[in-house]
Amino acid sequence: MMRDERISRLPMALSALVALTFAIVPLPSVLDAFRPDFLVLVVFYWSIQSPRTGGLTLAFVAGLALDVIKGVVLGQHALALTLMAAWATQLRLRIRVFSILSQSLTIFALLTGYQFILFWIDGATGNPVTYFGRWLAPVTGALIWPLVVSGLGRIHGK
Amino acid sequence: MVAFRSSDTSGRSSGLLARCILFSLLALGLMILDKRYENLGHIRRMLSVIAYPIEVAVASPFQGWAWLRESVTTRETLRADKLKLEDELRAARIRLQRLDALEAETRRLRALRDNTVGVGSRFLVGNIMDVDLDAFRARVLVDKGARDGVYVGQAVLDAGGVFGQVSRVDQLTSEVILISDATHAIPVQDNRNGLRTVAVGTGEVGHLKLPYISTAADILKGDLLVTSGLGGRFPVGYPVGTVQSVKRDPAQSLAEVEVTPAAALDRSRELMFVWLPTGTQAPGAAPGSAPVAAPTTAPTAAVPTAAPAAHPDANKPPVAPTPPGATKK
């Protein structure tokens with residue numbers, strides 16, 4: 001059991017690191033609002049796939065990394081990601097047997113919840129971002145979910 | 001068909017809730033510490049050093065591409081560029097001759113009036129890193145940080161005019177908030193008649209507005225707005241923008257004035273950090289101890305305060321002369 005855990009930790013960390021760089025790669029400003037939250041999708045994937053290995057620790061650390069790299073109040077993304085990853089872990093047995101369409105819809109709900117927590121903390125800390133554009137990321141995130149699943153499934157497949 | 005392999009059906013559901021609560025409380029605690037007490041500066045600075053390689057890794061392909069494109073330009077282009085630059089240099093030198101005399105005169109007059117507000121004295125050039133911080137906030141990351149003496153609230157210029165101010169300083173990098181950010185305001189003055197007001201960002205690059213201009217005020221399309229130096233953040237007399245349109249509705253008490261920034265907010269790659277002359281530095285300018293929550297310039301008593309732009313410094317005198325060296329650690 002222990003050996004199994006150690007093996008799957010490396011792809012987990014690597015995929016999270018790659019997703020983190022995608023979060024800040026410069027895009028044309030037209031596309032910027034559509035940028036999906038790659039790291040969040042990766043964390044959801046691992047929360048559903050193997051919550052024992054990474055689990056909420058991965059979610060918390062990934063959230064903290066987003067806080068540092070985006071320069072917002074420490075703990076904002078960490079809180080949102082922890083809560084939503086916990087929810088995804090809770091639902092994992094059901095999500096695994098869903099069709100890919102239902103999976104995407106569930107992920108859309110999780111991403112919207114994540115975005116809502118960010119929105120709420122933004123407002124509470126005095127930097128409200130009220131543009132409609134911020135609600136586009138959950139849509140694009142849900143749309144690329146099948147790609148994330150097949151891509152990460154290949155890395156992690158035995 | 002993509003489906004999950006059920007490799008882990010025996011997750012610890014009982015522990016999940018406990019861990020979720022633990023991490024949430026930890027995150028909430030971090031937020032409160034960071035926001036309310038602002039004493040996580042050291043931790044944040046340490047963490048940002050870890051993040052620096054990622055930022056460099058993201059930015060370097062773009063910089064490499066720019067370097068490659070620059071190094072394979074033809075001789076013709078180089079020649080044309082050289083001629084153009086020579087022309088510009090000649091024109092600039094001629095204007096500079098006048099400027100020297102004018103500066104000396106200004107200094108004499110200021111000495112007569114015993115006025116210490118001066119033009120920025122020390123500069124540091126920094127490069128914008130090709131990193132997108134946030135789609136909905138006008139912030140950029142610059143490759144100069146606390147190591148180079150950059151401090152929170154420092155004014156940042158580009159070749160055209162005022163670009164923004166430093167909103168966060170890490171060890172190796174700093175974050176600059178653009179004057180077009182919706183939470184940013186800068187005290188300005190009409191260069192034609194000295195009318196003082198505040199230019200507020202709109203969140204849209206290339207657009208500022210003057211929300212506190214009465215319909216009767218003397219402001220015209222094409223007027224140049226320069227920094228007024230009130231608030232003690234920005235050096236005096238740097239161009240901020242030109243008035244693009246003035247809409248006066250007789251039924252309203254305030255006019256709608258739109259301003260085009262002088263700085264190339266979306267195109268500049270090189271920025272200049274400015275140090276104000278000693279004795280006029282803004283209060284709390286020392287790195288690490290700056291109590292700046294929202295990086296908004298404090299408008300002074302001469303202008304109405306923007307309601308969402310309330311600032312902890314707003315009640316302090318705009319220019320507090322500090323003894324030389326007091327702001328350095």
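These figures come from a predicted structure and were not determined experimentally. Numbered from 1 within each chain, the chains take letters A, B, ... in sequence-line order.
Between B:Glu175 and A:Lys70, the shortest heavy-atom distance links the atoms OE2-O, 3.8 Å. Considering all non-hydrogen atoms of both residues, A:Ile24 and B:Ile54 come closest at CD1-CG2, 4.4 Å. Closest of all the heavy-atom pairs between A:Thr57 and B:Arg19 is OG1-NH2, 4.2 Å. B:Ala51 and A:Val68 get closest at one heavy-atom pair: CB-CG1, 4.2 Å. Nearest heavy-atom pair, A:Thr82 versus B:Cys20, reported as atom, atom and distance to 0.1 Å: CG2-O, 4.1 Å.
Atom CD1 of residue A:Ile69 and atom CD1 of residue B:Ile50 lie 11.0 Å apart, to the nearest 0.5 angstrom. Atom CG of A:Leu56 sits about 12.0 Å away from atom CG of B:Leu26, to the nearest 0.5 Å.
Residue contact with chain A, scored on non-hydrogen atoms closer than 4.5 Å, involves the side chain of B:Ala182 exclusively. Of the atoms belonging to A:Ala23, it is backbone heavy atoms, and not side-chain ones, that fall under 4.5 Å from chain B. In this structure, chain A has no heavy atom under 4.5 Å from any part of B:Tyr52.
In this structure, A:Trp120 places its CH2 atom where only 12 or fewer heavy-atom neighbours from other residues, nucleotides or ligands lie under 6.0 Å away.
In this structure, B:Asp34 contributes its side chain and A:Val73 its backbone to no donor-acceptor pair below 3.5 Å.
In terms of heavy-atom pairs under 4.5 Å with chain B, the best-connected choice from A:Thr21, A:Asp67, A:Leu64 is A:Thr21. Of the listed residues (A:Ile121, A:Leu17, A:Leu20, A:Val25), the one with the most heavy-atom contacts under 4.5 Å to chain B is A:Val25. Of the listed residues (B:Val58, B:Leu28, B:Leu25, B:Leu30), the greatest number of heavy-atom pairs within a distance under 4.5 Å of chain A belongs to B:Val58.
Between B:Met31 and A:Leu79 the shortest side-chain heavy-atom distance falls below 4.5 Å.
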